[in-house]
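To start, the structure under review is shown below, and the notes come after it.
Letters go in sequence order (proteins before strands), and every chain restarts at 1.
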Protein chains: 2
Amino acid sequence: MHPKTNKISCEECATTSCFVKRTNPEWLGKISKFKNQVVYPKGQYIFSEGSPVFGAYFIQSGDVKIVSSSFSGRQNIVRLAKAGHMMGHKGEAKENYPIGAVALNDARVCFLNNELLYDAFLNNTHFTIEIMMFYSKELRKSEMRNKFFAQMTTDEKVAYAILYAGEIVGQKNSKGQIMITLSRQELAQIAGTNAEQVSRTISQMKNEGLLSLDGRCICIENLTGVYDLLSEYEQFI
Amino acid sequence: MHPKTNKISCEECATTSCFVKRTNPEWLGKISKFKNQVVYPKGQYIFSEGSPVFGAYFIQSGDVKIVSSSFSGRQNIVRLAKAGHMMGHKGEAKENYPIGAVALNDARVCFLNNELLYDAFLNNTHFTIEIMMFYSKELRKSEMRNKFFAQMTTDEKVAYAILYAGEIVGQKNSKGQIMITLSRQELAQIAGTNAEQVSRTISQMKNEGLLSLDGRCICIENLTGVYDLLSEYEQFI
DNA sequence: CGTGCTTTTGAATAGTATCAAGGCCGGTGG
DNA sequence: CCACCGGCCTTGATACTATTCAAAAGCACG
């Protein structure tokens, strides 16, 4: 089903920010042994919205979008994740919270099932504390997003989406500028608007010299200029 | 400065959902001994937006609103909290995230400083895991709020605010109906709109027989009817 | 060199914030 | 006890922003 690859063990893994690295040596080996690792090609679902997840995924390399659709069929991007991030973990299994994860480029992802994960929690205090802190910080960010999105204009939300996308999945060109290859639709799903508005805002920002376009690829020409659009929300960024 | 009260020890405390109850007996006693406990009268700040917080607050009884103001002076309600909830804890001290907490009625609150808290994390695995789970669940709720608020109409957001307020700070009358005493302004700060729109929506819901008003106090006459307004977002509620 | 998808731009519409005024209620002081 | 005052609530009119619908242009693909 999934493409087979040479598994990279936790001991060899270069992703220093991975939470699993916070476990003690004995457990690092144990997790490395029992984890499941798969390389997902660009565009493929890592887990889908319908099916429940019985564990947690840790991204070793690559970028991922976490998506959620609503009743009306409208999809939005809950967050973007890159190497070292954790996803899919559910506090309670019975919760009904349909999210899916899609690889934005080739992504190597490790899966730990709930049993292994909880054993690791019980035996590795620092591991658990770090994940607790991670959630605490993510919660804070999410709350600020809530707060500011309620009072931002659409232009500001799009500017935010561009900065956010640049931070997580942006690639630097030869001049050191940030390039973003997400589609207008995907940016709209982050900003909470539609592709047309994103296109309008981008055109406007291009005219102001903040961005340049190479086909559908966005290049941030004036990073501080974009930040200035959001100066009222600086705590957020 | 704060009103003095007879401290209720953790051993005597009836708030079974409090996370501190998940520590082992030795630590329960230790926390009980070193915690700081204060009863805040209605309307008083428990901690304010300006000053940093060096620990975490656990609500023993009463209700609290957690607020955050933006640059433009607009305040909004980040979340409501009641007995057993935790607040004010920061993953990293250096973060600049100005939130404040205000008592909605007389509230008895216990404070644990960071040193005590982290010692407790290191020595009480189940305590740490439960708090991690709490954050995980809150994050999930916050993400769904983000997602749905981006596509709800104002009427729907107000309906949500009423249900949410009813759940956390609502009081039951003799008929078992939920009564809410928050002001229109406060509901607007939850719904991400303004007091006028809240008032319009409430009038409309009153005409439809969903609510009744006693002065400024809101009584939910037809709870399932209100839920039906949000049927598209049922995962959320 | 078409075909289909994404992007861009325009015009019409609908929804919401803002501004403004009047009503209700509780508190205060005469 | 009554009149006044101020805050909150309600309702209306207006202006504006953003969504939707529509259509044309650009780009990638076979």
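For A/Phe111 and A/Phe58, the distance between ring centers is not under 6.0 angstrom. Aromatic ring centres of A/Phe148 and A/Tyr160: separated by at least 6.0 Å.
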Per-nucleotide protein contact along nucleotides 4-20 of chain C, 5' to 3', at a 4.0 Å heavy-atom cut-off (B base, S sugar-phosphate only, - neither), is --SSBBBB----SBBB-
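Aromatic ring orientation, B/Tyr57 versus B/Phe47: parallel (interplanar angle below 30°, classes split at 30° and 60°).
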Steps toward ring pair (Phe, Tyr, Trp, His ring centres under 6.0 Å) verdict (B/Tyr135, A/Phe134): CA-CA 9 Å; B/Tyr135 280 133; A/Phe134 167 75; over 10 Å; no
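The minimum heavy-atom distance between B/Ala150 and A/Arg74, with the atom names listed, is O-NH2, 3.9 Å.
Taking atom CD of A/Gln204 as the reference point, atom C1' of D/dA18 lies 13 Å away to the nearest angstrom.
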